[in-house]
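The sequence lines fix the lettering, A, B, ..., with proteins before strands; numbering per chain opens at 1.
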2 protein chains.
Amino acid sequence: MSLGHTAVPLLDRQLAAAAGSADRPVSHAQCPVRDVLERVGDKWTVLVVVELVRGPRRFTELLRAVDGISRRMLTRTLRLLERDGLVERTVFPTVPPAVEYRITELGAGLAGPLDVLAAWAVEHRADIESARAAYDARDRPARP
Amino acid sequence: MSLGHTAVPLLDRQLAAAAGSADRPVSHAQCPVRDVLERVGDKWTVLVVVELVRGPRRFTELLRAVDGISRRMLTRTLRLLERDGLVERTVFPTVPPAVEYRITELGAGLAGPLDVLAAWAVEHRADIESARAAYDARDRPARP
DNA sequence: CAGTATCCCTGCCGATACTG
DNA sequence: CAGTATCGGCAGGGATACTG
């Protein structure tokens, strides 16, 4: 179902509930598309997923691999991913403890759609950048 | 206020910063993929895009169509989309003024990848939900 | 090692009032 | 109608210290 410039397929359906129709103002949390979109838009989630798609990692490995992430955010991100079944967490009861995070099949499956989006971004990067340049050049007060 | 005395209207730091100031401590700022991901993850952006894919809309039409959005957020969202060349803004110098927003070809092209992601979300919605249910049932943080 | 708990500050967003 | 200016709350997230 390609969309081009005609009708809006699936996406429309799912978001229509949240967007247009007589829905309660606060509770559009149930839309699975919105749900995934929010997760994907999260700064750290995708970076963690990408790292885990490469192979299983331990907590501190991820902490080093994902540049700039804090313990707090890494924990939170991993918990969310685990909860959604995208990542599997395994604790080895050693001393000191070792914990391994591994992408699940479901999680790996998400990489496909993400790649499509990434490909689009790369393919149209020049268009976007030139659009920005044009926009910024349009009317801008002299900068100090 | 803190931008100096030059009158840069609404456009928050994102617009101002991208235009001229070199005040950007983050190193991974200009990754196009991250860029698109952030936009897509934005609560309002996708809703506005979806509405505009259906057809051109005026400001107030969008305000009504995208449930819960404020004038401020709609303006900000539209400016960002316009700047990236995803949406075209046309002002008709009538009284009172009429402004039409129309999706561009570039913007409509984004709907494809979005659709792929949406399809994935719908397809695996059950998996995610059951994973959540299992996770939530696993170990309750029993706090008396 | 792998987290949790806490503090604190930024900046996002909604509500409101005002203009051309 | 189509925005802009301003304020205030409140939650997201970084830094740090502590624990099993």
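Atom CD of Glu100(B) has more than 12 neighbouring heavy atoms from other residues, nucleotides or ligands inside a 6.0 Å radius.
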- Residues Arg54(B), Glu51(B); criterion salt bridge (charged side-chain N to carboxylate O under 4.0 Å, His left out); working and verdict: CA-CA 5 Å; Arg54(B) 288 177 173 169; Glu51(B) 187 60 28; 3.1 Å; yes
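If you measure from atom CZ of Arg76(A) to atom P of dA11(D), you get 13 Å, rounded to the nearest angstrom. Rounded to whole angstrom, the span from the CZ atom of Arg79(A) across to the C1' atom of dA2(C) amounts to 9 Å. Between the CD1 atom of Ile69(A) and the P atom of dG3(C) there is a distance of 12 Å, given to the nearest Å. As rounded to whole Å, 8 Å separates atom C1' of dG3(C) from atom CZ of Arg89(A). If you measure from atom CG of Leu63(A) to atom P of dA15(D), you get 11 Å, rounded to the nearest angstrom. Atom CG of Asp42(B) and atom P of dC12(C) are 11 Å apart (whole Å). Arg57(A) places its CZ atom 17 Å from the C1' atom of dC1(C), with the value rounded to the nearest Å. Look at CG on Leu74(A): it is 11 Å from P on dG14(D), rounded to the nearest Å.
Screening Val99(B), Leu52(B), Leu86(B) for a side chain to side chain contact (heavy atoms under 4.5 Å, CB included) involving Leu78(B) leaves a single residue, Leu52(B). None of Val50(B), Val40(B), Val53(B) except one satisfies the side chain to side chain contact (heavy atoms under 4.5 Å, CB included) rule with Leu114(B); the exception is Val40(B).
In this structure, the nucleotide among dG3(C), dG3(D), dA15(C) sitting nearest to the side chain of Arg72(B) is dA15(C). Of the candidate nucleotides dT4(D), dG3(C), dC1(C), dC1(C) has the atom lying nearest to any side-chain atom of Arg58(A). The side chain of Pro96(B) lies closest to dC1(D), out of dA2(C), dC1(D), dT4(D). Comparing atom distances between the Met73(A) side chain and each of dG3(C), dG13(D), dG3(D) picks out dG13(D) as nearest. Listed nucleotides: dG3(D), dG14(D), dG20(D). Nearest to the side chain of Pro97(A): dG20(D).
Closest-nucleotide positions on DNA chain C for Ala98(A) and Arg71(B) were compared, and the one nearer the 5' end corresponds to Ala98(A).
Across all strands, Phe92(A) comes closer than 4.0 Å to no nucleic acid atom at all (heavy-atom distances).
Between dG3(C) and Thr75(A), no contact under 4.0 Å exists linking OP1 or OP2 to a side-chain N or O. Neither OP1 nor OP2 of dG12(D) sits under 4.0 Å from any side-chain N or O of Trp44(A). Residue Tyr101(A) places at least one side-chain N or O under 4.0 Å from the OP1 or OP2 atom of dG3(C). Note on Ser70(B): every side-chain N or O is 4.0 Å or more away from OP1 and OP2 of dC13(C).
Pair assignment for dG20(D) gives dC1(C), based on Watson-Crick or G-U wobble hydrogen-bonding distances that are each under 3.5 Å.
For Thr104(B) (side chain) and Gly107(B) (main-chain N/O), a donor-acceptor pair under 3.5 Å exists by modelled atom type.
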